[in-house]
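Side-chain atoms are counted along with the backbone in the values below, which use heavy atoms only and exclude waters and symmetry mates.
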Amino acid sequence: MTRQPVLNIMSLRRMKTFARASDRQLKTILSEITLERFERRTTLFRQGDPSDSLYVLVSGVIKLSLRTPEGEDILVSLISPGELFGITSLLPGMQRPFRSEAFSDCWVGRLSADTLVSTLLGVPFADFSALMDGTVSRWFGLLHRYAHFQGLDLQHRLAFALLELAQKFGAQDSRGTLLILQLTHEDLADLVGASRQKVTEHMRTLERKALLQREGRRLIVSTQGLRELVQIED
């Protein structure tokens, strides 16, 4: 068993997260932070869990990964000592986009987002959260979608691209969502990084699954069905 590390003003200041904090701020953090030990391969939080805490890694290595629809884990990042993670707690109403697991035996400090923001920035968390919601949340969502996209096979990447097109360039139809853009198979191949022939094969598969219909050169998609296929929240 690894020995419990000592948390004090000096050890906190050596961490990237708290390097510029004052002694007074660090004393407040020390009074609020909870130190926990996690053995190797222990899960700290799962993809889809509520974002209810921030974490700072004190010792060891933490792995962040993304679970694909096929059940495979795609590595997103490795967290080193001194780094903050679980930062979706800074954004309102967010679920955990990734899975967090102890890659080695770890000691982790748990802290509320409210404490971190009010202590280090001196502003109410509600005001900070509202600002983040109007600025950073959108870009974080794009990053999460990109990471999710990278872990998909071709059929799921095609479904993901069609869902994106439907959300941005679609009109509601009694049969689903009609894509306003007239897209060729070559256009879709460019979006998902595949050959036109492969895209055609997978479009036929989506048609057989009733997730896609054709109306001349226009496409009608089932947005709910596509979300379920690629496991993306609305």
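- Residues that satisfy the side-chain hydrogen bond (donor to acceptor under 3.5 Å, both in side chains) test with Ser51, not counting sequence neighbours, are Thr88.
- Expressed to the nearest 0.5 Å, how far CD1 of Ile9 lies from CG of Leu26 amounts to 6.0 Å.
- Among pairs with a residue in residues 81-92, none fulfils salt bridge (charged side-chain N to carboxylate O under 4.0 Å, His left out), at least two apart in sequence or across chains.
- When all heavy atoms of Ala159 and Leu229 are compared, the closest pair comes out as CB-CD2, 3.6 Å.
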Salt bridge (Lys or Arg N to Asp or Glu O under 4.0 Å) evaluation trace for Glu39 with Arg41: CA-CA 6 Å; Glu39 294 184 354; Arg41 298 189 184 281; over 6 Å; no
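- Atoms CG and CD, on Leu226 and Gln167 in that order, are 9.5 Å from each other to the nearest 0.5 Å.
- Cluster note: Ile220 groups with Leu178 through ILVMFWY side-chain heavy atoms spaced under 4.5 Å, whether in direct contact or through intervening members.
- Among residues two or more places apart in sequence or in another chain, the side-chain hydrogen bond (donor to acceptor under 3.5 Å, both in side chains) test is passed with Asp187 by Thr184.
- We find the CD1-NZ distance between Ile29 and Lys27 to be 14.0 Å, quoted to the nearest 0.5 Å.
- With sequence neighbours excluded, the residues satisfying side chain to side chain contact (heavy atoms under 4.5 Å, CB included) with Leu35 are Gln4, Pro5, Leu7, Val58, Trp107.
- Residue Val6 is found outside any hydrophobic cluster, as its side-chain heavy atoms come under 4.5 Å of no other Ile, Leu, Val, Met, Phe, Trp or Tyr.
- Counting heavy atoms from C-beta outward, Leu165 and Leu219 have side chains that stay 4.5 Å or more apart.
- Side-chain contact between Val108 and Leu44: present, with at least one pair of heavy atoms (C-beta onward) separated by less than 4.5 Å.
- With hydrogens and angles disregarded, no donor-acceptor distance shorter than 3.5 Å links the side chain of Ser59 to the backbone of Pro81.
- Ile33 is listed as a side-chain neighbour of Val56, based on a closest heavy-atom distance under 4.5 Å.
- Atom-to-atom distance recorded for Thr223:OG1 and Leu211:CG is 10.5 Å, nearest 0.5 angstrom.
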Check against side chain to side chain contact (heavy atoms under 4.5 Å, CB included), His202 and Leu212: CA-CA 11 Å; His202 287 292; Leu212 177 66; over 6 Å; no
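- Among residues at least two apart or in separate chains, there is no salt bridge (charged side-chain N to carboxylate O under 4.0 Å, His left out) pair with a member in residues 84-94.
- One side chain, Gln224 or Glu228, offers a donor N or O that lies under 3.5 Å from an acceptor on the other.
- Annotation: salt bridge (charged side-chain N to carboxylate O under 4.0 Å, His left out) contacts of Arg214 (sequence neighbours excluded): Glu207.
- Of the possible polar contacts, one joining the Ser104 side chain to the Val61 backbone as a donor-acceptor pair under 3.5 Å is found.
- Side chains of Ile62 and Phe103 form no contact here, defined as non-hydrogen atoms less than 4.5 Å apart.
- Residues Leu120 and Ala21 come closest through the heavy atom pair CD2-CB, 3.9 Å.
- Between the side chains of Arg208 and Thr205, at least one donor N or O lies within less than 3.5 Å of an accepting N or O.
- Residues meeting the salt bridge (charged side-chain N to carboxylate O under 4.0 Å, His left out) test with Glu36, sequence neighbours left out: Arg110.
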Verdict with supporting geometry, Asp49 and Arg99, salt bridge (Lys or Arg N to Asp or Glu O under 4.0 Å): CA-CA 9 Å; Asp49 283 352; Arg99 181 171 180 264; over 6 Å; no
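- Following chains of ILVMFWY side-chain contacts shorter than 4.5 Å, one can reach Val123 starting from Phe18, so the two form part of one hydrophobic cluster.
- Residues satisfying the side-chain hydrogen bond (donor to acceptor under 3.5 Å, both in side chains) criterion with Asp173, sequence neighbours excluded, are Arg175.
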Derivation and outcome, side chain to side chain contact (heavy atoms under 4.5 Å, CB included), residues Arg96 and Gln47: CA-CA 5 Å; Arg96 300 292 190 195; Gln47 200 169 316; 5.9 Å; no
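- The shortest distance between side-chain heavy atoms of Ser65 and Phe98 does not fall below 4.5 Å.
- The ring pair (Phe, Tyr, Trp, His ring centres under 6.0 Å) check on Phe45 picks up Tyr55, with sequence neighbours excluded.
- With rounding to the nearest 0.5 angstrom, the CG atom of Leu206 is 9.0 Å from the NE2 atom of His156.
- Within the 4.5 Å cutoff, side-chain heavy atoms of Thr177 are placed close to those of Gln172.
- Looking at Leu162 and Leu158, their side chains come closer than 4.5 Å, going by heavy atoms from C-beta outward.
- At least one donor-acceptor pair closer than 3.5 Å links the side chain of Gln25 to the backbone N or O of Ser22.
- A side-chain donor-acceptor contact under 3.5 Å links Thr115 and Ser112.
- Closest approach of Ala189 to Val199, counting heavy atoms only: CA-CG2, 3.6 Å.
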Residue pair Leu84, Leu116: steps toward the side chain to side chain contact (heavy atoms under 4.5 Å, CB included) verdict: CA-CA 11 Å; Leu84 193 72; Leu116 184 77; 4.0 Å; yes
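- Listed here is the closest heavy atom pair of Thr17 and Gly82: OG1-O, 3.2 Å.
- With sequence neighbours left out, Asp114 forms a side-chain hydrogen bond (donor to acceptor under 3.5 Å, both in side chains) with no residue at all.
- Between the side chains of Gln155 and Lys198, no donor-acceptor pair of N or O atoms lies under 3.5 Å.
- Side chain of Ser89 to backbone of Ser53: a donor-acceptor contact under 3.5 angstrom is found.
- By the 6.0 Å contact criterion, CZ on Arg204 is open, its count of non-hydrogen atoms from other residues, nucleotides or ligands being 12 or less.
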Derivation and outcome, side chain to side chain contact (heavy atoms under 4.5 Å, CB included), residues Cys106 and Leu57: CA-CA 8 Å; Cys106 297; Leu57 182 58; 4.1 Å; yes
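- In this structure the side chain of Thr42 never reaches within 4.5 angstrom of the side chain of Asp105, judged on heavy atoms.
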